[in-house]
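Take a look at the structure below.
Just so it is clear: chains get the letters A, B, ... in the order the sequence lines come, proteins before strands, and each one is counted from 1.
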Amino acid sequence: MADSLFYIFAFFTVACAVGVVANRNAVNGAMCLMLCLMGIAGLFVLLDAYLLAALLVLVYAGAVVALFLFIVMLLDMQGGVKRPFKKMTAVASLASLGLMLVGVSMLGSRGHLATLPSPAAAAAPVGAVLKNYAELLFTTYLLPVQVMGFLLLIAMLGVIVLSKKFEGMEDIK
Amino acid sequence: MPIQLLQQAAAANEWLAITPELMLALLALLLLVLELVLPRQLHTLIPATAIVAQIVIALGLAFNFDSAFTGPGTAFNGLLRLTADGQFLRLFFLVCSIFVCLLGTVCLAKQRMPRVEFYHLVLIITAAMMLLAQSNHFVLFFVALETVTVGFYILVSYFRESPLSLEAGLKYLVMGALSSSILLFGIVLLYGAAGNQALPGGSPNSMNFDQLRIFLTDNPGNFLASAGIVLVLAGVAFKIGAVPFQIWIPDVYQGAPTPVTAFLAVASKAAGFAVLLILTQRVFAPYQGLVIPVLSVMAAATILFGNLAALTQHNVKRLIGLSGVSHAGYLMIGVIAAYHEPHAIGAIWFYLSAYLLASFAVFGVMAHVAGPNDADQELDHYADLARDQPFLAAVLAIGLGSLAGIPPLAGFMGKLLIFVSAFKAGLYPLLAVAIAGVVISIYYYFGWIKAAFFPAWRPTDAGLPQAAVPARTPVNLGVRIALTVLAVTSVLLGFYQGAFGQWILTR
């Protein structure tokens with residue numbers, strides 16, 4: 001049951017990801033992105049990582065994609081002109097197709113994914129329980145959390161520096 | 001129980017171990033506060049505060065180089081590993097940041113831009129690079145790397161009134177996001193492979209470098225781990241600009257403000273190599289058979305591409321960017337040699353120090369020759385520099401000579417140390433490529449010196465329009481002292497390495 005569900009979600013996710021890239025209409029692309037994220041959230045649920053699944057749906061599928069849609073509609077983007085097919089495009093597609101085939105065949109022949117013994121009675125994953133997750137963030141991973149704080153600070157500063165209007169500010173010569 | 005838990009957490013997080021990083025972060029916050037509370041007339045003091053405070057931190061770090069709380073060992077539950085190399089890199093990044101702030105005062109004066117945020121960003125990036133160079137865990141590694149990268153996204157597009165700067169920022173954003181995702185994919189594959197407890201050496205804590213190394217030692221030839229290693233190396237190669245991941249270098253270096261170009265060229269590259277050394281020598285050491293061929297091919301391609309592409313450049317920022325690509329190639333030879341010859345790591349640190357001195361000397365001159373349009377710095381603008389500003393021309397000649405590796409200068413000693421290590425390690429084909437690269441590089445470095453020293457050809461016909469050369473900035477006292485120190489140290493370090501030479505041999 002879990003295996004077939006995994007395949008269903010995996011194919012759904014990949015199909016939606018292809019839809020994001022292939023769609024000419026930006027709104028449809030953003031909607032495909034949302035479905036793709038839903039598929040990933042489903043995969044997380046299968047792995048017992050309920051917290052991650054909920055966060056993914058709330059933050060990415062909810063907030064971020066809504067922001068995408070908002071901006072797409074604000075800019076009123078059209079489908080764009082279809083580019084003429086060039087020789088280089090064909091060469092590049094062939095080369096990338098070849099590379100992908102080599103990669104997949106290598107994974108099939110040397111990956112031995114199926115022959116791995118199943119992990120012996122592992123403890124419940126950390127992501128499953130909110131309390132464990134929070135405790136780790138405030139003990140083991142305290143330093144990265146603090147560094148993230150500075151990352152958000154400089155990101156905010158960057159938005160101000162790169163987008164604020166300077167007219168009428170006496171501070172700037 | 002909660003109190004015990006808090007005590008445990010407090011005991012595991014040794015904040016004293018990262019005193020220099022904390023001081024830099026607090027200084028960065030202090031700058032923002034100063035901008036709020038100081039009256040407008042005193043705002044010119046803020047860059048001076050940043051530079052002086054950093055010099056104080058650097059001196060404190062240098063005098064406490066071997067002190068107890070920064071001695072070898074892990075901190076923060078194994079997230080950080082404090083080593084002598086890490087201590088050296090802290091000092092290295094701090095010196096870079098001081099010079100970047102100094103160049104910032106020269107370049108920002110020509111622009112209508114907010115000032116304080118620039119210094120704030122430089123300080124935060126420096127602190128994050130220090131953490132990056134000492135990280136011992138993929139979580140801290142990635143968070144620190146992202147902080148550095150996000151800071152650079154902003155700094156590269158800082159001169160937003162110039163379209164080239166914005167274009168460079170966008171290109172760097174796209175390429176940086178791509179490289180981060182490749183790196184992250186590699187990390188996830190390694191975590192997944194090493195997290196399987198059914199395999200020998202598998203551990204739930206497999207993001208930790210020590211645990212990962214145990215797993216890799218126990219499982220030679222694991223396919224997933226090999227794929228992860230290649231992807232992680234590709235992500236790091238993006239940061240150091242090694243072929244085939246060098247595509248962003250010329251455009252970003254040209255569009256970025258000159259101090260940021262210097263920061264990218266020196267500090268970002270050094271951070272990349274610090275990470276590459278940690279990963280290849282410590283973590284991926286059991287997979288030498290995979291790593292060495294990959295790095296060897298990349299090193300040879302990087303040296304040849306960088307030097308050949310730099311030959312045809314007329315914009316000095318593109319030229320120095322592409323020559324920086326070739327320097328990354330020489331350094332990669334050092335990384336490969338370090339597998340057989342432990343002195344090679346010391347040679348890399350010496351090479352990077354010589355590269356820092358020479359690069360900041362050259363960038364210091366570039367900041368003064370550049371006009372208000374920072375992206376437009378052509379070789380022709382250096383005409384008659386030796387006649388009009390002999391001081392700048394002399395610094396330029398020493399810096400470029402050191403970058404080219406001309407004998408009495410520090411750059412020569414750096415190349416010599418790397419090449420001797422490569423020779424001892426038996427890397428003869430790579431050595432041949434590197435020497436050919438050095439010979440090619442002399443052509444473009446001396447072309448630049450020629451533009452500055454020899455009288456420029458001018459059309460004798462008065463009717464032809466003269467090429468417009470932007471007005472050069474006069475050199476103020478602080479920058480004059482800094483450039484003199486850079487040039488004199490570049491010369492001295494070539495003759496006498498002193499305590500530094502001792503340290504790199506015995507570290």
Note to self: Is Ala127(B) close to chain A through its backbone or its side chain, or both, or neither, when contacts mean heavy atoms under 4.5 Å?
What the structure shows: neither
Margin query: Would you compute the distance between atom CD of Gln146(A) and atom CH2 of Trp15(B) and round it to the nearest 0.5 angstrom?
Written below: 4.5 Å
Notebook entry, point to check: With a 4.5 angstrom heavy-atom cut-off, which part of Glu146(B) approaches chain A: side chain, backbone, both or neither?
Noted result: both
Check: Is the number of heavy atoms from other residues, nucleotides or ligands within 6.0 Å of CD1 (Ile247(B)) greater than 12?
Finding: no
Item checked: Engaged part of Leu29(B) at the chain A interface, taking heavy atoms whose separation is under 4.5 Å -> side chain
Checklist line | Residues Met148(A), Thr147(B); criterion side-chain contact (heavy atoms from CB on, under 4.5 Å); working and verdict | finding: CA-CA 8 Å; Met148(A) 279 306 290; Thr147(B) 312; 5.9 Å; no
Check: With a 4.5 Å limit on heavy-atom distance, are the side chains of Val161(A) and Tyr158(B) in contact?
Finding: yes
Margin query: Could you report the tightest heavy-atom contact between Lys164(A) and Arg160(B), atom names first, then the distance?
Written below: O-NH2, 2.7 Å
Notebook entry, point to check: Looking at CG of Leu157(A) and CG of Leu32(B), how far apart are the two atoms once the value is rounded to the nearest 0.5 Å?
Noted result: 5.5 Å
Note to self: What I'd like to find out is whether the side chain of Ile154(A) reaches to under 4.5 Å of the side chain of Glu117(B), using heavy atoms alone.
What the structure shows: no
Checklist line | Region of Leu155(B) in contact with chain A, defined by heavy-atom distances below 4.5 Å | finding: neither
Notebook entry, point to check: What part of Leu152(A) is in contact with chain B, defined as an atom under 4.5 angstrom from a non-hydrogen atom: side chain, backbone, both or neither?
Noted result: neither
Next item on the list: Decide yes or no for Leu79(B) and Tyr141(A): does some side-chain heavy atom of the first lie under 4.5 Å from some side-chain heavy atom of the second?
Entry: yes
Next item on the list: Report the option among Pro204(B), Ser157(B), Gly151(B), Gly202(B) that has the most heavy-atom pairs separated by less than 4.5 Å from atoms of chain A.
Entry: Ser157(B)
Note to self: As an exercise, state the distance from NE2 of His137(B) to OG1 of Thr140(A), rounded to the nearest 0.5 Å.
What the structure shows: 8.5 Å
Check: Looking at CG of Leu151(A) and CD1 of Ile124(B), how far apart are the two atoms once the value is rounded to the nearest 0.5 Å?
Finding: 10.0 Å
Next item on the list: Decide yes or no for Val143(B) and Phe150(A): does some side-chain heavy atom of the first lie under 4.5 Å from some side-chain heavy atom of the second?
Entry: no
Next item on the list: Look up atom CG in Asn77(B) and atom CG in Leu136(A), then write down how far apart they are to the nearest 0.5 Å.
Entry: 9.5 Å
Note to self: Does Tyr153(B) have more than 12 heavy atoms from other residues, nucleotides or ligands lying within 6.0 Å of its OH?
What the structure shows: yes
Next item on the list: Determine the option with the most heavy-atom pairs under 4.5 angstrom with chain A, choosing from Leu140(B), Leu80(B), Leu131(B), Asn222(B).
Entry: Leu140(B)
